[in-house]
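Here the structure comes first, spelled out in structure tokens, and everything after it is commentary.
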2 protein chains.
Amino acid sequence: MTLSLRQRRRLETAREIQKATLKLVVQRGIENVTTEEIAASAGISTRTFFNYYLNKEAAAIGEPPGYREEDMEALQTGTASLAADLKTFLDKHMETLAEDEAVLRMVGSVLRSNEKARGILDGFLASERDQLTECLFARVKDRQIAAALASNATDVTERAIRLWEQSESLSLIAALDIIWEGLLSAAQLLAASSE
Amino acid sequence: MTLSLRQRRRLETAREIQKATLKLVVQRGIENVTTEEIAASAGISTRTFFNYYLNKEAAAIGEPPGYREEDMEALQTGTASLAADLKTFLDKHMETLAEDEAVLRMVGSVLRSNEKARGILDGFLASERDQLTECLFARVKDRQIAAALASNATDVTERAIRLWEQSESLSLIAALDIIWEGLLSAAQLLAASSE
DNA sequence: CCCAATCCTTGCATAGTGTGCAAATTGTGC
DNA sequence: GCACAATTTGCACACTATGCAAGGATTGGG
């Protein structure tokens with residue numbers, strides 16, 4: 001038991017709130033749901049809601065899964081080609097995201113309709129991108145190259161999720177494959193014309 | 001005179017409000033400035049403030065200059081290499097941004113400290129990215145490649161601006177050159193390892 | 001020059017957001 | 001069990017944002 005009762009309850013309540021938020025938000029749109037309703041639906045007071053999340057947009061997004069340490073380690077020390085190792089890394093992360101497709105879809109709909117939510121997610125993504133930049137810097141030894149690669153990594157994931165949301169028949173991994181192919185082709189175009 | 005008095009006043013008031021907002025926000029941080037203060041400082045009522053901007057973050061950002069039609073035209077029909085034409089396009093856009101470095105710097109500081117503001121800017125960037133995707137699609141005939149290129153274009157501009165903000169000695173164009181070189185190197189790495 | 005249509009500004013009322021504070025309750029570790 | 005720390009909650013309060021309606025200014029036609 002590595003988590004105390006208090007810590008487990010805290011996590012559970014946070015998830016309860018997110019569940020309640022997404023349920024109401026999907027029904028009526030985030031603009032038409034009040035923090036009061038969310039709190040009532042989650043069985044807590046309005047004040048307590050704000051002890052868990054700064055606002056309802058943050059509650060809807062929850063805490064997105066970041067990159068896993070082990071995967072970053074593997075990317076940093078990988079021996080295959082950079083493209084291959086990076087693709088493996090992105091596949092792993094996408095598998096993590098695929099564990100909760102329902103939430104992913106609901107959060108996506110919030111992000112498309114609400115600027116504030118978009119900004120909050122941007123904060124999470126920026127921090128992931130920074131981590132990945134450090135990791136790639138250790139491998140490619142050049143900060144600008146690492147930053148460009150990291151940007152493309154988070155961007156590819158985002159675009160793949162959007163493609164998956166729209167397609168109705170693609171799996172997340174399949175969507176990532178398609179977006180990834182596009183990135184490689186774009187890279188070849190740029191590389192070829194700048195030799 | 002293509003603009004009526006009313007239209008000119010509207011634009012002028014919008015800029016007045018942005019100026020007043022940025023002035024107060026730079027002094028005290030956006031969280032410590034109220035819409036009431038901004039309105040007073042701009043010489044209008046609080047209610048009128050909300051006739052111009054949805055919120056103070058939007059007032060701070062104002063209306064960022066989008067891509068110019070002529071530049072997109074040139075990019076679409078360009079005959080040099082794709083990399084060269086794209087770089088020219090980005091240079092042009094950066095020159096436009098460089099026309100108001102003071103505002104750019106102030107807006108940047110807001111974006112770094114405020115999630116809502118980032119979300120709002122994200123909306124503008126997303127729409128620019130979509131335009132650019134269409135433009136590039138007409139040139140490269142592949143939607144995924146166009147999307148990857150357009151993403152990198154907006155991303156490169158953003159990263160260049162951040163580098164410029166931090167460096168204190170680089171010009172915007174010089175910062176763009178550095179970031180652009182990083183992108184090309186990254187593209188070559190990816191292209192080489194995926195042949 | 002005047003009039004009607006239109007747009008703009010403003011005050012007021014109101015619903016909702018988010019924070020500080022302090023009292024009460026509940027888990028933690030010794 | 002007891003002292004300590006974290007959590008919940010109500011309450012007060014400042015601030016955000018919108019709808020509405022009255023009044024004022026601009027426009028264009030006659």
Side-chain angles (χ1 to χ4, degrees), chain A residues 1-18 20-22 24-25 27-63 110 113-120 123, chain B residues 1-18 20-22 24-25 27-63 110 113-120 123:
Chain A
M1 199 105 10
T2 74
L3 288 182
S4 73
L5 173 59
R6 253 186 200 159
Q7 291 170 307
R8 264 180 293 132
R9 278 207 189 148
R10 192 155 187 90
L11 284 181
E12 199 182 332
T13 306
R15 283 184 200 284
E16 275 311 311
I17 296 174
Q18 188 191 13
T21 305
L22 286 175
L24 290 171
V25 158
Q27 284 173 8
R28 287 190 270 148
I30 197 162
E31 322 287 349
N32 303 314
V33 173
T34 68
T35 54
E36 208 169 345
E37 289 172 305
I38 295 170
S41 164
I44 57 174
S45 74
T46 307
R47 190 63 186 80
T48 300
F49 171 88
F50 287 110
N51 285 345
Y52 281 86
Y53 294 102
L54 289 175
N55 46 62
K56 60 184 172 186
E57 289 79 10
I61 292 175
E63 178 130 8
V110 173
S113 73
N114 185 282
E115 290 178 335
K116 191 167 178 181
R118 189 63 229 173
I120 292 168
Chain B
M1 197 100 15
T2 73
L3 289 182
S4 74
L5 173 59
R6 256 187 199 154
Q7 291 171 307
R8 263 179 295 130
R9 278 206 191 147
R10 189 153 190 93
L11 283 182
E12 199 182 332
T13 306
R15 282 184 202 284
E16 275 310 311
I17 296 175
Q18 187 191 14
T21 304
L22 285 175
L24 290 171
V25 157
Q27 284 171 9
R28 289 189 271 147
I30 197 163
E31 321 288 349
N32 304 313
V33 173
T34 67
T35 53
E36 207 169 346
E37 290 173 304
I38 295 169
S41 164
I44 57 174
S45 74
T46 308
R47 191 61 186 81
T48 300
F49 171 88
F50 287 109
N51 284 345
Y52 282 85
Y53 294 103
L54 288 175
N55 46 61
K56 59 185 172 185
E57 289 79 11
I61 292 175
E63 178 130 7
V110 173
S113 73
N114 185 281
E115 289 177 336
K116 192 168 176 180
R118 264 207 305 271
I120 291 167

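Every heavy atom of this structure was used, including side-chain atoms; hydrogens, water molecules and symmetry mates were not. Residue numbers start from 1 in every chain, and the chains themselves are labelled A, B, ... in the order their sequence lines are given, proteins ahead of strands.
In this structure, B:F50 atom CZ and D:dC20 atom C1' are separated by 16 Å, rounded to whole Å. Rounded to whole Å, the distance from CG on A:N55 to P on D:dT16 is 15 Å. Straight-line distance from the CD atom of A:E57 to the P atom of D:dT16: 16 Å, rounded to whole Å. Rounded to an integer number of Å, the gap from CG of B:L54 to C1' of D:dT16 is 12 Å. Summarising the geometry, the separation between OH on A:Y52 and C1' on D:dT8 is reported as 9 Å, rounded to the nearest angstrom. A:E31 places its CD atom 9 Å from the P atom of D:dT18, with the value rounded to the nearest Å.
By the salt bridge (charged side-chain N to carboxylate O under 4.0 Å, His left out) test, A:R10 is found to be paired with no residue, residues two or more places apart in sequence or in another chain being considered. Take B:R47 and apply the side chain to side chain donor-acceptor pair (under 3.5 Å) test, not counting sequence neighbours, and it matches B:N51. Every residue two or more places apart in sequence or in another chain that forms a side chain to side chain donor-acceptor pair (under 3.5 Å) with A:Q7 is listed here: A:S4. Shown here are the salt bridge (charged side-chain N to carboxylate O under 4.0 Å, His left out) partners of A:R118, two or more places apart in sequence or in another chain: A:D122, A:E158, B:D122. Every side chain to side chain donor-acceptor pair (under 3.5 Å) that B:T48 has, sequence neighbours left out, goes to B:S45. Legend: residues meeting side chain to side chain donor-acceptor pair (under 3.5 Å) with A:N114, ordered by chain and number and at least two apart, are A:E31. A:T46 pairs by the side chain to side chain contact (heavy atoms under 4.5 Å, CB included) definition with A:T35, A:E36, A:A39, A:F50, not counting sequence neighbours. With sequence neighbours excluded, the residues satisfying salt bridge (charged side-chain N to carboxylate O under 4.0 Å, His left out) with B:E37 are B:R28.
On the nucleic acid side, DNA chain C contacts chain A at distances under 4.0 Å to non-hydrogen atoms, with the end points of that region at C:dG16 to C:dT28.
B:F49 comes within 4.0 angstrom of nothing in the nucleic acid, heavy atoms only. Residue B:Y53 is classed as having no contact, given no heavy-atom separation below 4.0 Å to the nucleic acid. Here A:N51 lies in heavy-atom contact (under 4.0 Å) with a base.
When side chains are defined from C-beta on, A:R8 counts as touching A:L5, because their heavy atoms get closer than 4.5 Å. Residues A:I61 and A:V110 have side chains not in contact (no heavy-atom distance under 4.5 Å, counting atoms from C-beta outward).
Heavy-atom minimum distance, A:K56 versus A:I38: CB-CD1, 3.9 Å. Scanning all heavy atoms of the two residues, the minimum distance from B:A59 to B:I17 falls at CB-CG2, 4.2 Å.
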Practice problem: Using a 4.0 Å cut-off on protein heavy atoms (strictly under), produce a 5'-to-3' string for nucleotides 23-30 of chain D with B for base contact, S for backbone-only sugar-phosphate contact, and - for none. | Solution: --BBS---
Close N or O pairs between protein and nucleotides 10-15 of chain D (under 3.5 Å):
none

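Side chain of A:Q18 to main chain of A:A60: a donor-acceptor pair is present (N/O by atom type, distance under 3.5 Å, no hydrogens or angles).
Of the candidates A:E115, A:K116, A:E57, A:K116 is the only one forming a side chain to side chain contact (heavy atoms under 4.5 Å, CB included) with B:K116.
Helix-axis bend for the helix from C:dC1-D:dG30 to C:dC30-D:dG1: the local axis fitted to the five terminal pairs at one end deviates from that at the other end by 30°, rounded to 10°.
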